[in-house]
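Remember, it's a predicted structure, so these values are computed and weren't measured experimentally.
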Amino acid sequence: MNEDTPTPPNTPGPAGTTPPAEQSREERIAAAKAKAEAIKAQRAAAGSGPAAGSGAASAAPAAATGGFKAPVASRNPGGAPTVPPKAPKVQAFGTLTQAVEIRCDPGEEPNIVKILGGLGLYKNPLRGVWQLDYRYYAEAVRRLGAAGYEVDGTDYLGRPLAGWAPEARGWTRTY
């Protein structure tokens with residue numbers, strides 16, 4: 001057949017297949033499913049190779065699956081999993097301005113931001129520490145504890161932060 005002449009609409013194409021416009025809806029769905037299954041099988045075969053199991057990139061997600069599932073936060077929009085802490089000590093210091101300063105090992109900061117970013121955690125530009133409002137401190141301690149961190153909290157007078165209540169401390173007063 002000459003390349004200049006068009007093929008009639010109902011004849012098979014060069015490889016013996018019908019043109020895509022001639023396939024029914026069910027045939028197109030079946031073809032898409034088969035293609036997706038082939039891609040999944042190809043990825044699974046590539047993932048089971050000897051080079052795929054080595055390295056820190058594959059070890060981090062495997063280790064993170066058993067840890068704390070971080071809530072989706074503004075600083076963690078994809079809900080990326082946290083990794084187990086290497087330095088689990090976190091210091092919390094209650095300030096006079098009703099904020100809690102969170103200090104941790106610099107290597108743990110990405111985890112802390114993922115865990116507490118949705119509670120309004122922000123970096124204080126003057127002091128260089130992470131801060132959180134007193135109102136969210138109890139939830140922050142709960143989340144950090146679930147992730148494997150140990151929180152040591154004191155306020156500016158040396159009192160423990162665990163007993164903080166807006167009626168008892170701070171600038172608020174009830175009548």
For Y137 and A162, the nearest pair of non-hydrogen atoms, with its separation, is CE2-N, 4.5 Å
Should Y136 and L121 be marked as a side chain to side chain contact (heavy atoms under 4.5 Å, CB included) after you check the CA-CA gap, both sets of side-chain angles, and the distance that decides it? CA-CA 10 Å; Y136 310 116; L121 186 75; over 6 Å; no
Please table the atom pairs, donor to acceptor, closer than 3.5 Å between any side-chain atom in residues 99-107 and protein atoms at least two apart or in another chain.
residue: E101; atom: OE1; partner: R103; partner atom: NH2; Å: 2.8
residue: E101; atom: OE1; partner: R127; partner atom: NH2; Å: 3.0
residue: E101; atom: OE2; partner: R127; partner atom: NE; Å: 2.5
residue: E101; atom: OE2; partner: R127; partner atom: NH2; Å: 3.3
residue: D105; atom: OD2; partner: G107; partner atom: N; Å: 3.3

L126: partners by side chain to side chain contact (heavy atoms under 4.5 Å, CB included), with sequence neighbours left out: N124
For Y149, all residues meeting side-chain hydrogen bond (donor to acceptor under 3.5 Å, both in side chains), sequence neighbours excluded: E108, N111
When rounded to the nearest 0.5 angstrom, what is the spacing between OG1 in T97 and OH in Y134? 8.0 Å
Do the side chains of L161 and L119 join up, straight or via other hydrophobic residues, at under 4.5 Å, putting them in one cluster? yes
Where do G148 and P85 come nearest, in terms of heavy atoms and distance? O-CG, 3.6 Å
Contacts of T154 meeting side-chain hydrogen bond (donor to acceptor under 3.5 Å, both in side chains) (sequence neighbours excluded), chain-then-number -> none
Those residues at least two apart in sequence (or on a different chain) that pass salt bridge (charged side-chain N to carboxylate O under 4.0 Å, His left out) with D133 are R135
Does E139 have any salt bridge (charged side-chain N to carboxylate O under 4.0 Å, His left out) partners at least two apart in sequence or in another chain, and if so, which? R142, R143
Closest approach of I115 to A147 (non-hydrogen atoms, all atoms of both residues): CD1-CB, 3.5 Å
With the 4.5 Å side-chain cut-off for hydrophobic clustering, are L96 and F93 part of the same group? yes
